[in-house]
K.L.:
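Can you read through this structure? Questions will come right after.
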Amino acid sequence: MGLTIVSHAAGIYSQNLKIAKNPCGEENRGNGEKLSKIPHSLVAGGFSGGFGLAGVPVAAISVRLPVSFTVLATDPSSSARRGELALPHGTVATPMFMPVGTQGSVKTLHPAELEELGAQIILGNTYHLWLRPGHELIRGMGGLHDFTTWQKPMLTDSGGFQVWSLAKLRKITEEGVRFQNHLDGSKMLLTPELSMDIQAALGADIAMLFDECPPYPCDEAYAAKSLGLTSRWARRCKDWIVTHQPRSGTGRQRHFGIVQGSVFADLREQSARELVELDFDGYAIGGVSVGEPEHEMFRAIDNAVPFLPYDKPRYAMGLGTPPQILEMIGRGVDLFDCVMPTRVARHGVAFTLDGPLHIKNLSHAQDPRPVCESAHPHVARFSRAYLRHLFRAGEILALRLLSFHNLHFFLRLVADAREAISAGSFPTFKDDFIQRYTQPPLP
RNA sequence: GGGUAGAUGCCCGAGUGGCUAAAGGGGGCAGACUGUAAAUCUGCUAGCGAAAGCUUACGUUGGUUCGAAUCCAUCUCUACCCA
């Protein structure tokens with residue numbers, strides 16, 4: 001059976017190469033060469049996974065319409081589910097945390113280290129890579145995968161978030177967003193179509209739609225207006241995709257819509273329904289972690305998830321802390337990304353089972369213990385005292401070690417969550433983790 | 001032995017009569033960080049006090065003045081130059 005399926009998969013893939021652009025959105029690449037680059041795990045992983053919801057073998061469906069997301073197990077007492085997302089460059093186990101590599105690099109870490117950590121998919125950013133080095137250059141270098149040498153799945157954010165985070169330098173219009181870019185101040189226009197085109201050039205496995213991320217707080221009128229824009233932009237993205245990337249083949253680029261609507265339940269529902277109507281490969285919940293209180297963030301998830309298809313991956317953008325990730329897994333979210341583990345690492349904070357630990361603090365000056373009992377051997381070999389010393393001395397190794405450690409912590413967290421879902425023990429796992437993580441330290 | 005310059009808070013260093021418990025760095029101690037303009041940013045850093053405030057502080061001692069880190073004298077020390 002396995003052999004037959006593999007040949008199906010290869011057939012679909014090669015056919016796809018002939019009739020359409022390949023997953024990187026490139027034309028006329030030698031298909032023999034590209035075929036040899038398909039990771040074996042994709043061919044096996046994407047088509048080996050058990051049965052779909054209705055008990056139909058996945059492989060049987062995939063000949064007609066490739067299934068890229070399969071729910072493998074669910075938690076009976078929550079919305080948590082374990083799944084498998086098949087993408088052109090490999091299969092991603094969900095729930096999964098995606099390290100952020102904005103400029104084509106997960107800061108301080110080598111791709112081989114990311115693999116060692118068990119990272120299965122990383123992010124890149126349209127806005128930043130567009131400005132520098134430029135998407136045409138990356139296209140010419142064979143796409144973001146070849147350019148960076150990361151050969152596992154990638155997701156590119158659309159630049160929508162930069163519309164929010166660079167708010168002082170931009171103006172939003174129906175057409176798109178006029179930026180004064182932060183590098184040299186020159187004026188640029190990013191539109192939904194251009195974002196899609198850039199992302200096609202970058203060639204990530206998943207491209208995000210171009211959205212507007214409203215600030216917090218914002219009144220309902222603004223949120224509704226913003227949502228209207230996001231929805232009209234989604235339609236334009238869809239039109240662009242249909243025109244430029246005909247839907248076929250497992251190797252094609254996937255596209256995720258982004259649910260907006262701020263803190264307003266009816267807007268979240270409306271946003272989700274409008275996006276689902278357009279039919280994307282997955283759905284993200286955006287406009288969270290923009291300064292709102294945590295309960296609003298959870299509400300935003302709860303207000304969107306019920307209107308998203310069960311058989312498509314759900315992605316909470318830009319989140320979150322370890323407890324937040326577990327809470328959201330319990331709410332049915334499959335994918336996460338967050339700069340927190342890598343950013344705070346560079347600022348001297350290590351995640352531990354007992355909560356965040358400021359390694360620079362005086363209290364660790366002579367502490368011989370490793371940073372965390374669950375640390376990776378590469379980090380566990382060092383004492384807290386030594387890590388503190390490295391930070392105080394300004395050694396680059398300090399930034400690398402904590403970045404490595406924090407990503408290990410996050411990736412292990414979601415790996416443990418997946419195990420727990422399969423084992424039927426997710427609620428206990430979640431509660432135990434959060435209780436220990438949040439309890440105040442002993443005096 | 002003579003001359004010149006200088007001695008400021010943990011360190012460097014600004015300040016030449018009241019707005020100075022003393023700029024600015026550094027160091028130290030904390031904190032923030034959630035689709036990365038971030039190896040960044042913020043706060044504190046003489047003592048006591050929750051605070052108002054009080055008490056000590058600009059090498060020493062003494063003086064001028066309503067008031068001195070700032071002016072004068074003295075001593076001590078440092079650097080450089082001359083013998």
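Order of the sequence lines sets the chain letters (A, B, ...), proteins ahead of strands, with each chain counted from 1.
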K.L.:
Round to the nearest Å and state the distance from Ile359(A) atom CD1 to C33(B) atom P.
P.N.:
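After rounding, the gap between these two atoms is 19 Å.
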K.L.:
Considering Watson-Crick and G-U wobble pairs with both distances under 3.5 Å, what does U70(B) pair with?
P.N.:
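Answer to the pairing question: none, since U70(B) forms no Watson-Crick or G-U pair.
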K.L.:
Calculate the interatomic distance between Leu390(A) atom CG and A39(B) atom P; express it in whole Å.
P.N.:
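Rounded to whole Å, this separation is 18 Å.
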K.L.:
Applying a 4.0 Å non-hydrogen cut-off, can you work out what Ile258(A) is touching in the nucleic acid: base, sugar-phosphate, or nothing?
P.N.:
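The residue Ile258(A) makes base contact.
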K.L.:
Determine which nucleotide pairs with G31(B), using a 3.5 Å limit on both distances of a Watson-Crick or G-U wobble pair.
P.N.:
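C41(B) - that is the nucleotide pairing with G31(B), both distances being under 3.5 Å.
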K.L.:
Rounded to whole angstrom, note down the C1' distance from A46(B) over to C11(B).
P.N.:
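The same atom, C1', in both gives a distance of 16 Å.
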K.L.:
Using only heavy-atom distances, decide whether a donor-acceptor pair under 3.5 angstrom links the side-chain of Asp211(A) to the base of G35(B).
P.N.:
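Check passes, donor-acceptor contact within cut-off.
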K.L.:
Checking all strands, does Leu319(A) fall into the base, sugar-phosphate, or nothing category for heavy-atom contacts under 4.0 angstrom?
P.N.:
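Since a base atom lies under 4.0 Å of Leu319(A), the category is base.
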K.L.:
Consider the side chain of Thr102(A), meaning its heavy atoms from C-beta on, and name the nucleotide among G35(B), U36(B), A37(B) that approaches it most closely.
P.N.:
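From the listed options, U36(B) comes nearest.
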K.L.:
Just by distance, do the side chain of Glu292(A) and the backbone of Val290(A) share a donor-acceptor pair under 3.5 Å?
P.N.:
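Yes: the side chain of Glu292(A) pairs with the backbone of Val290(A).
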K.L.:
Taking Asn125(A)'s backbone N and O only, do any of them form a donor-acceptor pair with Asp157(A)'s side chain (distance below 3.5 Å, no angle check)?
P.N.:
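Pair absent, no side-chain N/O of Asp157(A) close to backbone of Asn125(A).
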K.L.:
Starting at CG of Leu109(A) and ending at P of A39(B), how long is that distance when rounded to a whole Å?
P.N.:
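After rounding, the gap between these two atoms is 14 Å.
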K.L.:
When the distance from CD1 of Ile122(A) to P of G35(B) is rounded to whole Å, what number comes out?
P.N.:
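Interatomic distance, CD1 of Ile122(A) to P of G35(B): 15 Å.
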K.L.:
Going by modelled atom types, is there a donor-acceptor pair between the base of U34(B) and the side chain of Gln324(A) at under 3.5 Å?
P.N.:
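Flag set: donor-acceptor pair detected.
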K.L.:
Using atom CZ of Phe161(A) as one end and atom P of G35(B) as the other, report the distance to the nearest whole Å.
P.N.:
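In whole Å, G35(B) P lies 6 Å from Phe161(A) CZ.
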K.L.:
Considering only atom P, compute the distance from C29(B) to U61(B) and round it to an integer number of Å.
P.N.:
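Those two atoms are separated by 33 Å.
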K.L.:
Check whether any side-chain N or O of Arg392(A) sits under 4.0 Å from OP1 or OP2 of C29(B), and answer yes or no.
P.N.:
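For C29(B), OP1 or OP2 has a side-chain N or O of Arg392(A) closer than 4.0 Å.
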K.L.:
Scan every strand shown for a Watson-Crick or G-U wobble partner of A79(B), both distances under 3.5 Å, and answer none if you come up empty.
P.N.:
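By the stated definition (distances under 3.5 Å), U4(B) pairs with A79(B).
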K.L.:
Within less than 4.0 Å of OP1 or OP2 of A37(B), is there a side-chain N or O belonging to Asn125(A)?
P.N.:
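No, no such contact exists.
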K.L.:
Send over the distance from Lys360(A) NZ to G27(B) P, rounded to a whole Å.
P.N.:
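To the nearest whole Å, that distance equals 11 Å.
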K.L.:
Checking contacts here: which listed nucleotide (U36(B), A39(B), G31(B)) is nearest the side-chain heavy atoms of Leu399(A)?
P.N.:
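Looking only at side-chain atoms, Leu399(A) lies closest to A39(B).
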K.L.:
Mind calculating the distance between NE2 (His347(A)) and P (U42(B)) to the nearest angstrom?
P.N.:
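For the pair His347(A) NE2 and U42(B) P, the rounded distance is 12 Å.
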K.L.:
Which nucleotide, C33(B), C29(B), G35(B), lies nearest any side-chain atom of Val349(A)?
P.N.:
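Closest nucleotide to the Val349(A) side chain: C33(B).
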K.L.:
Both distances below 3.5 Å, Watson-Crick or wobble geometry, any strand: find the nucleotide opposite G17(B).
P.N.:
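Checking every strand shown, G17(B) finds no partner, since no pair has both distances under 3.5 Å.
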K.L.:
Can a side chain N or O of Asn361(A) be found less than 4.0 Å away from OP1 or OP2 on C29(B)?
P.N.:
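No, Asn361(A) has no side-chain N/O under 4.0 Å of OP1/OP2 on C29(B).
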K.L.:
Would you classify Arg388(A) as touching base, sugar-phosphate or nothing, given that sugar-phosphate means primed atoms plus P, OP1 and OP2, and contacts are heavy atoms under 4.0 Å?
P.N.:
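It contacts sugar-phosphate atoms only.
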K.L.:
Between the base of U36(B) and the side chain of Thr342(A), is there a donor-acceptor distance below 3.5 Å?
P.N.:
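Such a pair exists between side chain and base.
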K.L.:
Quick check for you: to the nearest 0.5 Å, what is the distance between Leu401(A) atom CG and His405(A) atom NE2?
P.N.:
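The distance works out to 10.5 Å.
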K.L.:
Does any N or O in the side chain of Thr148(A) come within less than 3.5 Å of the main-chain N or O of Trp150(A), such that one atom is a donor and the other an acceptor?
P.N.:
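Checking the backbone N and O of Trp150(A) against the side chain of Thr148(A), a donor-acceptor pair under 3.5 Å is found.
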K.L.:
By the 4.0 Å heavy-atom rule, please label Gly348(A) as base, sugar-phosphate, or nothing.
P.N.:
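Here Gly348(A) touches no strand at all.
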K.L.:
Among G35(B), U34(B), A39(B), which is the nearest nucleotide to the side chain of Arg346(A)?
P.N.:
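Closest nucleotide to the Arg346(A) side chain: A39(B).
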K.L.:
Under 3.5 Å for both donor-acceptor distances, Watson-Crick or wobble: does G24(B) have a partner, and if so which one?
P.N.:
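In the structure as shown, G24(B) has C12(B) as its Watson-Crick or wobble partner.
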K.L.:
Looking only at side-chain N and O atoms, does Gln162(A) come under 4.0 Å of OP1 or OP2 in U36(B)?
P.N.:
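For U36(B), OP1 or OP2 has a side-chain N or O of Gln162(A) closer than 4.0 Å.
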K.L.:
With Lys238(A) as the cation and Phe280(A) as the aromatic partner, state whether NZ or CZ is under 6.0 Å from the six-membered ring centre and within 45° of the axis.
P.N.:
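Yes; both conditions hold, so Lys238(A) lies above the ring face of Phe280(A).
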K.L.:
Over how many whole Å does the gap from Leu166(A) atom CG to A37(B) atom P extend?
P.N.:
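Going from CG in Leu166(A) over to P in A37(B) covers 6 Å.
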K.L.:
When you check the phosphate oxygens OP1 and OP2 of U40(B), does a side-chain N or O of Arg343(A) lie under 4.0 Å from one of them?
P.N.:
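Negative; the distance criterion is not met.
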K.L.:
Return the nearest nucleotide to the side chain of Val100(A); candidates are G35(B), G31(B), A38(B).
P.N.:
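The answer is G35(B), which lies nearest to the side chain.
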K.L.:
Is there a ring pair (Phe, Tyr, Trp, His ring centres under 6.0 Å) between Phe97(A) and Phe410(A)? Walk through the geometry before answering.
P.N.:
CA-CA 7 Å; Phe97(A) 179 81; Phe410(A) 274 60; 4.9 Å; yes
K.L.:
A57(B) pairs with which nucleotide, Watson-Crick or G-U wobble, both distances below 3.5 Å?
P.N.:
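No nucleotide pairs with A57(B).
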K.L.:
Closer to the 5' end of RNA chain B via nearest nucleotide, is it Gly394(A) or Val288(A)?
P.N.:
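In this pair, the answer is Val288(A).
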K.L.:
Does atom CZ of Arg436(A) have more than 12 heavy-atom neighbours, drawn from other residues, nucleotides or ligands, at distances under 6.0 Å?
P.N.:
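Yes, the 6.0 Å shell around CZ holds more than 12 heavy atoms from other groups.
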K.L.:
Checking all strands, does Gln260(A) fall into the base, sugar-phosphate, or nothing category for heavy-atom contacts under 4.0 angstrom?
P.N.:
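Base, at least one base heavy atom under 4.0 Å.
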K.L.:
Find the partner of U36(B): check Watson-Crick (N1-N3 plus N6-O4 or O6-N4) and G-U wobble (N1-O2, O6-N3) distances, both under 3.5 Å, and reply none if neither fits.
P.N.:
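Matched U36(B) with nothing under the 3.5 Å cut-off.
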K.L.:
Would you tell me if any nitrogen or oxygen in the side chain of Ser165(A) comes within less than 4.0 Å of OP1 or OP2 on A37(B)?
P.N.:
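For A37(B), OP1 or OP2 has a side-chain N or O of Ser165(A) closer than 4.0 Å.
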K.L.:
Answer yes or no as to whether U36(B) has its base stacked against His128(A), where stacking requires a ring-centre separation under 5.5 angstrom and planes under 30 degrees apart.
P.N.:
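By the stated criterion, His128(A) and U36(B) do not stack.
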K.L.:
Heavy atoms under 4.0 Å, any strand shown: does Asp157(A) hit a base, just sugar-phosphate, or nothing?
P.N.:
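If one applies the 4.0 Å heavy-atom cut-off, Asp157(A) turns out to touch a base.
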K.L.:
Given the rule in the ring pair (Phe, Tyr, Trp, His ring centres under 6.0 Å) test, do Tyr127(A) and Phe179(A) qualify, once you have shown the distances and angles that lead to the verdict?
P.N.:
CA-CA 10 Å; Tyr127(A) 171 77; Phe179(A) 282 96; 4.9 Å; yes
K.L.:
Rounding to the closest angstrom, what is the interatomic distance between C66(B) and G15(B) at atom P?
P.N.:
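Those two atoms are separated by 28 Å.
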K.L.:
Could you measure between the two P atoms, the one in U65(B) and the one in A50(B), and give it in whole Å?
P.N.:
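So the two P atoms sit 42 Å from each other.
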K.L.:
Using the C1' atom as the reference point in each nucleotide, state the distance between A69(B) and U60(B) in Å, no decimals.
P.N.:
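Comparing C1' positions in A69(B) and U60(B) gives a spacing of 15 Å.
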K.L.:
Just verifying a value: how many Å separate Leu85(A) CG and Tyr315(A) OH, rounded to the nearest 0.5 Å?
P.N.:
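The OH atom of Tyr315(A) is 12.5 Å from CG of Leu85(A), to the nearest 0.5 Å.
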